[in-house]
Amino acid sequence: MSDKEAKKLEKQQTMRHSMAHVMAGAVLKMFPDAKIAIGPAIENGFYYDFDLPRSITPDDLAVIEESMKEIIKARSGFERSVVSKEEARALFADQPYKLELIEELPDSEEISVYQMGDFKDLCRGPHVEDTSRLNPQSFKLLKTAGAYWRGDEKRPMLQRIYGTAFSNPKDLKMHLDHLEEMEKRDHRKLGKELDLFSLHEEAGPGLVYWHPKGARIRIAIEDFWRNEHYKNGYEMVFTPHVGKSWLWETSGHLGFYNESMFQPMEMDKSDYYAKPMNCPFHIMIYNNGKHSYRELPFRWAELGTVYRYEKSGTLHGLMRVRGFTQDDAHIICTPDQVEDEILEVLRFSLFMLRSFGFEDISAYLSTMPEKSVGDKKDWDLATESLRKAIEKEGLEYGVDEGGGAFYGPKIDLKVKDTMGREWQLSTVQFDFNLSERFDMVFVDKDGKEKRPFMIHRALLGSIERFFGVLVENFGGAFPVWLCPVQAMVIPVSAKFDDYAKEVEKSFRAAGIRVETDFSDERMNAKIRNAQNQKIPYMIVVGENEMNEKAVSIRVRTGEQKNGLPMNDAVQMILDKIELKELP
RNA sequence: GCCUCUGUAGCUCAGUCGGUAGAGCACAUCCAUGGUAAGGAUGGGGUCACCGGUUCAAGUCCGGUCGGAGGCUCCA
């Protein structure tokens, strides 16, 4: 970010923070007994938390907005004054949350108070000089929400009011349009409209049902995924969905992961658990025999479906579910193979993400935390390999020092979608814990048993979540290779049904996913239906086409190609599929 | 889990002051046989999430249960 941009952002954040004060002032006018908590500027806006005698309704928001406009028009200044702790206590005697904050302020720090009209607030600042710097036309209160005091679920629940604010009405409008567009692209909405998947509360929240069209897309993803894995030196494995408690005791999951696991089912006096991870199973395969250094590395991949108990309030469409399929793999290798393996994994990962149209990718490296298992020496080797790989690939990256899991360092890859949102997809993680717990060994050149490195990685993360991200990224208008229906044949009238069948047959024989609309709708309606289903190619056939053994194509984009020889049309679509392009 | 909002036909939603449920889309049947984003008519479809209460009467009011949505680590 340039200095100029940083400065602009800072100015904007100051404006938003002042906006939060104006809102708090308006709320206090409405509820003189309100207890105020904190109100910072956030991305795109601001919020303020209140303890109120009753809950805020959407109607209240409109009233508060009007009241804010009046406060702004009154043109009051933001007067800063510095007070002693004692004075601060007196000033905010009837504001318990503020008092708590005052008590926690270190003595070294100056305590400042900002007075804006009747409203005074304990605040570090800075603020705009006076409210004439705020534009009453370029903010909007968006929603209310519950929020715990200091994010702690044991503390009181406050009411938070979110607002958005920009320096001018045009930017505000752009942001509101952006929000609207995101709503349109919501994968839950599109999932329904395009008949891709469903969730059923009565059959178990957080468990996904893939409809035929969604399954088509998923299989396209998975087929590509498997093929590329074979090309990249992986083998596929399949492992069970449940395992006895021995397995989870050995792995340690019953100790540190118990809360996230489904309750056990008892059978033959043993407890079986649905798997929350695939790793122990892959290790069972490894430990089934003795392995020489000559065999390594092993790269074992599995689209492994795991079950995790997520709190009901955190479930969200496909993004956060209780049963999902990881595109998992474990690489088991010798210490001197680590560097190459990591580089290859990273390359592969970038290749996969780019294949799905994600170009804006950044990396995050998480290093050794205070509490960890494994040798410092191994951590260093692993961490350095990760760092080298990122640098070699020329990725932008951030480092989370001490942010790794206790069992190993990791890289996470984040992609930015077309809406500018970041999603964490790939993760490459070392595991010094499981190799130890399961006593994994290989026989080295010197005949001695040594501990291999185990690397856990997922490229897409989970198929469910990745699918959700794809739906939102493309707004349901997928690249041709992913479309459940790639071409819809539309006979102009029933007279041409036979020719339509012939066309459909040719397209299908070429490997294109094609359907024909034989309904007794008019052609206009058929086009509309196909367009709403975001089908990339509408193959219109009527008298002209039949006579010339040709087709006319209406592309989803609105582009029109008339009288194409059938073979040319087929080839054009095959090319788009091959190149993984949008139509 | 907690707070707020919310649950009416497959979908999107209307339903006033409590008086026994409605629209559009979708679906079915029929008519129309059509040239680039909705042709017309008719019809079927609802324990108003569930349980309880108030009432002569509850989709509507009250309480509870179960879902769904937004939010709950951006720190005066």
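Model, not experiment: these values are computed from the prediction. Residue numbering restarts at 1 for every chain, and letters A, B, ... go by the order of the sequence lines.
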Student: For residues 562-570 of chain A, dump all side-chain donor-acceptor pairs below 3.5 Å to protein atoms at least two apart in sequence or in another chain.
Tutor:
| from | atom 1 | to | atom 2 | distance (Å) |
| --- | --- | --- | --- | --- |
| A:N562 | OD1 | A:S552 | OG | 3.4 |
| A:N562 | OD1 | A:Q560 | NE2 | 2.8 |

Student: Under a 4.0 Å threshold between the charged nitrogen and the carboxylate oxygen, would A:E79 count as salt-bridged to A:K120?
Tutor: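 Salt bridge absent between A:K120 and A:E79.
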Student: Mind checking side chain to side chain donor-acceptor pair (under 3.5 Å) for A:E43 and listing every partner two or more places apart, or none if nothing turns up?
Tutor: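 With sequence neighbours excluded, A:E43 shows a side chain to side chain donor-acceptor pair (under 3.5 Å) to no residue whatsoever.
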Student: Just jot down the ring-ring contact (aromatic ring centres under 6.0 Å, His included) partners of A:F324, sequence neighbours excluded, or say none.
Tutor: none
Student: Should the side chain of A:Q159 and the base of B:U4 be counted as holding a donor-acceptor pair, with the cut-off at 3.5 Å?
Tutor: no
Student: Distance under 6.0 Å and angle within 45° of the ring axis: does A:K192 meet both against A:F197?
Tutor: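 No, A:K192 does not lie over the aromatic ring of A:F197.
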Student: Find which nucleotide of RNA chain B each of A:L101 and A:R522 is nearest to by heavy atoms, and output the residue with the more 5' nucleotide.
Tutor: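 In this pair, the answer is A:R522.
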Student: Produce a footprint string for nucleotides 23-30 of chain B: one letter per nucleotide, 5' end first; B if the base is under 4.0 Å from any protein heavy atom, S if only the sugar-phosphate is, - if neither.
Tutor: --------
Student: Assign A:E259 to base, sugar-phosphate, or nothing according to its heavy-atom contacts below 4.0 angstrom with the strands shown.
Tutor: nothing
Student: So which nucleotide from B:C74, B:G35, B:C75 ends up closest to the side chain of A:E545?
Tutor: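 So the nucleotide nearest the side chain must be B:G35.
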Student: So what does A:L158 hit on the nucleic acid, given a heavy-atom distance under 4.0 Å: a base, only sugar-phosphate, or nothing?
Tutor: nothing
Student: For nucleotides 66-71 of chain B, read 5' to 3', which letter fits each nucleotide if B means a protein heavy atom sits under 4.0 Å from the base, S means only the sugar-phosphate is that close, and - means neither?
Tutor: -SSSBB
Student: Dump every N/O contact between nucleotides 8-12 of chain B and the protein below 3.5 Å, one line per pair.
Tutor:
| from | atom 1 | to | atom 2 | distance (Å) |
| --- | --- | --- | --- | --- |
| B:U12 | OP1 | A:K192 | NZ | 3.1 |

Student: Under the rule for ring-ring contact (aromatic ring centres under 6.0 Å, His included), what residues qualify as partners of A:F262, not counting sequence neighbours?
Tutor: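 By the ring-ring contact (aromatic ring centres under 6.0 Å, His included) rule, A:F262 matches A:Y307.
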Student: Could you work out which one of B:U36, B:G35, B:C74 sits closest to the side chain of A:N524?
Tutor: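 Nearest listed nucleotide: B:U36.
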Student: Look at all strands and tell whether A:I527 reaches a base, only sugar-phosphate, or nothing, counting heavy atoms closer than 4.0 Å.
Tutor: base
Student: Does anything in residues 484-499 of chain A reach RNA chain B, meaning a heavy atom under 4.0 Å, and if so which residues?
Tutor: A:V492, A:S493, A:A494, A:K495
Student: Just to be sure I understand the geometry, which residues of residues 549-558 of chain A put a non-hydrogen atom under 4.0 Å away from RNA chain B?
Tutor: A:S552, A:R554
Student: May I ask you to decide whether A:R89 forms a salt bridge with A:E86, counting only side-chain N to carboxylate O separations under 4.0 Å?
Tutor: yes
Student: Taking the C1' atom of each, how far is B:A14 from B:G59, in whole Å?
Tutor: 12 Å
Student: Considering residues at least two apart in sequence or located in another chain, which fulfil the ring-ring contact (aromatic ring centres under 6.0 Å, His included) criterion with A:F31?
Tutor: none
Student: What stem regions, each of at least 3 consecutive Watson-Crick or G-U pairs below 3.5 Å, can be found for RNA chain B?
Tutor: B:1-7 with B:66-72, B:10-13 with B:22-25, B:27-31 with B:39-43, B:49-53 with B:61-65
Student: Sorted by first residue and then second, give each ring pair (Phe, Tyr, Trp, His ring centres under 6.0 Å) pair with at least one member in residues 79-102 of chain A; sequence neighbours left out.
Tutor: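 Residue pairs passing ring pair (Phe, Tyr, Trp, His ring centres under 6.0 Å), neighbours aside: A:Y97-A:W149.
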Student: Tell me which nucleotide among B:C75, B:G35, B:A37 gets nearest to the side chain of A:R528.
Tutor: B:A37
